[in-house]
Amino acid sequence: GNSVTQMEGPVTLSEEAFLTINCTYTATGYPSLFWYVQYPGEGLQLLLKATKADDKGSNKGFEATYRKETTSFHLEKGSVQVSDSAVYFCALSEETGGFKTIFGAGTRLFVKA
Amino acid sequence: DGGITQSPKYLFRKEGQNVTLSCEQNLNHDAMYWYRQDPGQGLRLIYYSQIVNDFQKGDIAEGYSVSREKKESFPLTVTSAQKNPTAFYLCASSKSGLSTDTQYFGPGTRLTVL
């Protein structure tokens with residue numbers, strides 16, 4: 001079946017450091033890929049998405065490229081801020097006989113000033 | 001402002017009681033979803049609905065029930081048959097339920113069984 005694997009946290013970085021959170025997936029067809037972010041005590045909100053191979057999603061300095069050859073969708077940011085501290089979820093969505101979104105376990109990011 | 005509201009924010013239940021979690025959206029979205037989130041885990045789908053008066057079970061539907069009588073509303077009932085209901089519950093909606101759609105989430109309800 002479909003699955004999403006993302007790197008375990010927590011990830012702790014200093015302000016202005018480079019961020020990478022790895023995400024790989026398995027899917028039977030051609031899924032759409034998403035990164036969602038969750039701040040403490042809140043619901044999730046979309047950070048970025050890509051709906052086909054080689055697409056790059058970007059938002060608020062974050063980027064991720066849909067790599068079909070490596071089945072990956074790694075999240076990157078060149079310079080993190082304290083306000084980026086949150087939990088990040090990688091997700092895939094595919095219509096295979098019905099709606100299905102699979103979420104990764106989430107990666108908690110702490111950014112120190 | 002358009003969005004999704006969930007109530008209550010915190011809910012306490014005694015064992016053996018049914019409780020209903022509210023979810024309302026004013027985004028005019030066709031599809032709505034209920035997820036359960038446990039500490040350190042991703043979201044697991046309980047139920048989803050892509051049209052009024054129709055809904056489908058997700059991966060962990062046992063012990064839960066839903067209704068979709070109005071486009072804006074998708075309440076979730078946690079029944080006494082759910083053996084471990086303490087969790088954070090998230091409601092979401094999307095425009096049409098397509099795989100390319102973004103899901104919009106409510107702020108969640110934290111349910112604790114006493």
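Just so you know, these numbers come straight off a predicted model, no measurement behind them. Within every chain, numbering begins at 1; the chains are lettered A, B, ... in the order of the sequence lines, protein sequences first and strands thereafter.
Heavy atoms closer than 4.5 Å to chain B are found nowhere in A:E8, neither backbone nor side chain. Proximity to chain A (any heavy atom under 4.5 Å) is restricted, for B:L90, to the side chain, taken from C-beta onward.
Atoms CH2 and CG, on A:W35 and A:L48 in that order, are 8.5 Å from each other to the nearest 0.5 Å.
For chain B, the option among A:L44, A:T51, A:L46 with the highest count of heavy-atom pairs below 4.5 Å is A:L44. For the set B:K9, B:Q56, B:R110, B:Q37, the count of heavy-atom pairs under 4.5 angstrom toward chain A peaks at B:Q37.
The aromatic rings of B:W34 and B:Y89 sit perpendicular to each other, their planes meeting at more than 60°, with 30° as the lower class boundary.
Residue A:Y88 is tested with A:Y36, A:F103, A:F62 for a ring pair (Phe, Tyr, Trp, His ring centres under 6.0 Å); the sole match is A:F62.
The environment of CD in A:Q81 is crowded: more than 12 heavy-atom neighbours from other residues, nucleotides or ligands sit within 6.0 Å.
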